[in-house]
Peer 1: 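Take a look at this one; I'll ask things after.
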Amino acid sequence: MSAAFSSVRAVCHPGSFAGEKRGPPATAASGKFASGFLGSSGKVWFGALPAYVRAAPSARRRGSFSVVAVSDVVKEKKPKRSSSPPDLLVTKEEGLELYEDMVLGRTFEDMCAQMYYRGKMFGFVHLYNGQEAVSTGFIKLLKQEDCVVSTYRDHVHALSKGVSSRAVMSELFGKTTGCCRGQGGSMHMFSKEHNLLGGFAFIGEGIPIATGAAFTSKYRREVLKEADCDHVTVAFFGDGTCNNGQFYECLNMAALWKLPIVFVVENNLWAIGMSHLRATSDPQIWKKGPAFGMPGVHVDGMDVLKVREVAKEAIGRARRGEGPTLVECETYRFRGHSLADPDELRDPAEKAHYAARDPIVALKKYIRENNLASEAELKAIDKKIDEVIEDAVEFADASPPPSRSQLLENVFADPKGFGIGPDGRYRCEDPKFTEGTAHV
Amino acid sequence: MLSILRRRAAAGGSDAVLLSERLRKSCAAAMMRFQGYTTAAKEMTVREALNSVLDEEMSADPRVFLMGEEVGEYQGAYKVSKGLLQKFGPERVVDTPITEAGFTGIGVGAAYYGLRPVVEFMTFNFAMQAIDHIINSAAKTNYMSAGNISVPIVFRGPNGAAAGVGAQHSHCYAAWYGSCPGLKVLVPYSSEDARGLLKAAIRDPDPVVFLENELMYGERFPVSAEALDSSFCLPIGKAKIEREGKDVTITAFSKMVGLSLEAAEILAKEGISAEVINLRSIRPLDRSTINASVRKTNRLVTVEEGFPQHGVGAEIGMSIVEDSFGYLDAPIERITGADVPMPYAANLERMALPQIEDIVRAAKRVCYRSVPMAATA
Ligand SMILES: Cc1ncc(C[n+]2csc(CCOP(=O)(O)OP(=O)(O)O)c2C)c(N)n1
Ligand SMILES: [Mg+2]
């Protein structure tokens, strides 16, 4: 196990500090610490955290399984095969894949802003700028069968999961070629093919849905005897959402039933105009994992390589049937809450601080400094993505709007809503049904 | 309505009596003055009207406080609570975390124990996460406790469809709450409604669901000096005839009142005189005003944004069948939102919501005027 947090798994007695051998004992469990935590005032707070903090006692009934909380996992260099030199966190191919996915997310969202101001899309449009390392860091490790559950800030999760730019852009334009034929809109992206289960506009709503997907994977393996079903679900949601009861309810059940899920908190410090510090009694969200019997991990969400290392371990745990993980990614949104938000409450110094930590710039720097790829190769990716986005806009613009008849379609999976007859077929397909002679 | 209140109050102890007295007096006084207002009016948006009521009622009664998401530092998601934090401080303008079930329950608990909370939902859609407290803890308690515990709380926020925000954010809850005993459900249309009804809601001894509309916040209406008076108050359960007519009655609430008035204007040009009733209150429903109007016009069109089945129109239609069936000269027509979750695409969204043309056509149909076939498709 070369895992990100396996090294501290051993020591977890009640009241002791995991990983004492590697970092100073932390005071995070005490109230004092919280006051200096999180930078809504623009303070640098990544570095200020102790490397390891108090771990929760292991769940007694679960034998040797221990639960740890880890903060700011910094990976040491890790040997790699393939084209890149040893000692790097990613191969060239991996690095470029991450870069491309993040640039795709960023460019797509910038285009959305333009299209919104031109009246091509409407309603609430929440952009993901600044948070790309989280989506890319997790989702690029998933298989097609694995599930992603998102919020209203979902365009980029959809793109990372493989939904095409054309399909997402068309959805935003309200066109029939959209991934939901224009019926869902910005906050409601779904794709059965890519196992993207939404797109939820309500706070907290996606968390039980994701937990239900993870429940399904376990059920398929254990009840339906699909031995190879090792699918994992990743649920993304914000810091503000961690004050909603559904979060706690699902942490409990996921740990209780050892479900294959990763709870990914995208802590961008704000919930619309509500600072995380004003909303949450103990703002260290990752500490809530151990309280429910699962690891809680805290990671720099502006660094895709760190996110990826943590994601690997958490997804691996879930895939091996070892249960859920809570990961708090410290990140920042570079734009207002939605395109309608005047964004007047965030301190310009705080914005500047995080702007300087742009995850795309950081990855680019890593790639260049380690000679994983040339400037020209990166430029070529930028250009390719620009073309993809231009194409998506042209495609969406040229696509037809829904026809009148579409209004009444898709209310049910059952075409007319009359249920299934004794022969196992939809009642409305029975020719006698409409004649009024069928046995209902 | 007032007699019902008084009966309740008699069962509910002296505090409730006092409150209902206060309500009765101020409403009666306001209504009297209201009858004859002529003073040329100042204009006010619905947002300003709501804001001014919160301000005045919080000034008048220290037990009144506002809680909800972004009501304080952000000045309200739709700026309805603008300036209140600065005036009343964070103890009375309480920014909550995003936990509707939690803070709604806290509001209800505070109402049980002597405070008069105004709980703002950023939109009423999110109140679905708090439905247990609105229905079980708030609406049923006065009854369950046989009047031991009254629940003077207001749940308010924008209801119904905004624009382009999709299925989960575009839902009219008037029929949902309207079906629940123990709740009063108010639906302002104009700035005057907003002032008079919100005051009535805050002063009321019972839980009131107060359904605003995001698209109406910026609408400007003239308001009389009477309506601007801090004692102004409208009676709960009383509809307003916004426009008198003799050929057909149109009932509507909230934003749909505006559409109905425009439809009436068009109908007038075609020689149909429509009476437009602004319901103002979904529960109690002003059956007498509606029935009196239908007995005069003999025709009824109901208009609402919500879904057709078990809707407000269904209830109004049934009240006519029960009380005035013999007066009807045509089948009742219901104009409602389409029977589908709200689609996002702009063209589908428009089709899913009642439009002025729909109201005009329905009114013509009940008046047996010919309506072009294509238009009815
Ligand atoms: C149940 C519910 N209440 C309120 C809202 C309104 N709302 C939309 S986003 C949001 C803030 C969410 O903040 P956070 O969870 O931190 O996510 P972020 O937007 O920062 O990604 C709120 C309050 C909602 N969508 N659902
Ligand atoms: Mg946030």
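The sequence lines fix the lettering, A, B, ..., with proteins before strands; numbering per chain opens at 1.
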Peer 1: Under a 4.5 Å heavy-atom cutoff, which of A/Phe173, A/Phe202, A/Phe124 has the most pairs with chain B?
Peer 2: A/Phe202
Peer 1: Between A/Glu205 and B/Gln129, is any side-chain donor less than 3.5 angstrom from a side-chain acceptor?
Peer 2: no
Peer 1: With rounding to the nearest 0.5 Å, note down the distance linking OH in B/Tyr344 to OG in A/Ser186.
Peer 2: 6.5 Å
Peer 1: Give a yes or no on whether B/Gln86 atom CD has more than 12 heavy-atom contacts from other residues, nucleotides or ligands under 6.0 Å away.
Peer 2: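 Atom CD in B/Gln86 is crowded, with more than 12 foreign heavy atoms closer than 6.0 Å.
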Peer 1: Between A/Ile272, A/Leu408, A/Asn410, A/Thr176, which shows the greatest number of heavy-atom pairs under 4.5 Å with chain B?
Peer 2: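 Answer, by heavy-atom pair count under 4.5 Å with chain B: A/Ile272.
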Peer 1: Can you name the closest pair of heavy atoms from A/Asn243 and B/Pro97 and give their distance?
Peer 2: CB-CB, 3.7 Å
Peer 1: Is A/Phe200 close to chain B through its backbone or its side chain, or both, or neither, when contacts mean heavy atoms under 4.5 Å?
Peer 2: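 Its backbone and side chain both get close to chain B.
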Peer 1: Counting only heavy atoms not in B/Arg220 (residues, nucleotides, ligands), do more than 12 fall under 6.0 Å from its CZ?
Peer 2: yes
Peer 1: So which part of B/Ala162 gets closer than 4.5 Å to some heavy atom of chain A, the side chain, the backbone, both or neither?
Peer 2: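 Answer is neither: B/Ala162 stays 4.5 Å or more from chain A.
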Peer 1: Counting only non-hydrogen atoms closer than 4.5 Å, does A/Leu345 touch chain B with its backbone (N, CA, C, O), its side chain (CB onward), both, or neither?
Peer 2: side chain
Peer 1: Tell me, for A/Thr280 versus chain B, whether the close heavy atoms (under 4.5 Å) come from the side chain, the backbone, both or neither.
Peer 2: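 For A/Thr280, no heavy atom lies under 4.5 Å from chain B.
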Peer 1: Heavy-atom cut-off 4.5 Å, strictly under: side chain, backbone, both or neither for B/Asn347 against chain A?
Peer 2: side chain
Peer 1: Shorter than 4.5 Å, heavy atoms on both sides: which option in A/Pro402, A/Gly240, A/Gly185 has the most such pairs with chain B?
Peer 2: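 The answer is A/Pro402.
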Peer 1: Please flag which part of A/Asp341 lies under 4.5 Å from any non-hydrogen atom of chain B: side chain, backbone, both or neither.
Peer 2: both
Peer 1: Show me the pairs that pass salt bridge (Lys or Arg N to Asp or Glu O under 4.0 Å) and involve residues 71-88 of chain B, at least two apart or across chains.
Peer 2: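 Checked against salt bridge (Lys or Arg N to Asp or Glu O under 4.0 Å) - neighbours excluded - the pairs reaching residues 71-88 of chain B are A/Arg278-B/Glu73, B/Asp55-B/Lys87.
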Peer 1: Between B/Ile98 and A/Met274, is a side chain to side chain contact (heavy atoms under 4.5 Å, CB included) present by the stated rule, with each step listed?
Peer 2: CA-CA 9 Å; B/Ile98 313 166; A/Met274 182 66 149; over 6 Å; no
Peer 1: Could you grab the distance from atom CG of B/Leu348 to atom OG of A/Ser403, nearest 0.5 Å is fine?
Peer 2: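 Nearest 0.5 Å value for the CG-OG distance: 7.5 Å.
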Peer 1: Less than 4.5 Å to any heavy atom of chain A: does that hold for the side chain of B/Met342, its backbone, both, or neither?
Peer 2: backbone
Peer 1: If you define the side chain from C-beta out and look only at heavy atoms, does anything of B/Phe126 sit under 4.5 Å from A/Ile203?
Peer 2: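 The answer is no, as the side chains (C-beta and beyond) never meet within the 4.5 Å cut-off.
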Peer 1: Quick check on the interface: out of A/Ala279, A/Ala201, A/Gly178, who has the most heavy-atom pairs with chain B under 4.5 Å?
Peer 2: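 Max contact count across the listed options: A/Ala201.
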Peer 1: Any side-chain heavy atom of B/His169 sitting closer than 4.5 Å to one from A/Met187?
Peer 2: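 Of all side-chain heavy-atom pairs linking A/Met187 with B/His169, at least one is under 4.5 Å.
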Peer 1: Minimum heavy-atom separation for A/Val411 and B/Val340, please, with both atom names.
Peer 2: CG2-CG1, 3.5 Å
Peer 1: A side-chain contact here means heavy atoms from C-beta on lying under 4.5 Å apart; do A/Phe122 and B/Glu349 qualify?
Peer 2: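 Side-chain contact under 4.5 Å: no.
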Peer 1: Taking side chain as everything from C-beta outward and backbone as N, CA, C, O, which of these in A/Glu409 sits under 4.5 Å from a heavy atom of chain B? Side chain, backbone, both or neither.
Peer 2: neither
Peer 1: Can you check whether B/Pro343's main-chain N or O pairs, donor with acceptor, with A/Gln183's side chain at less than 3.5 Å?
Peer 2: no
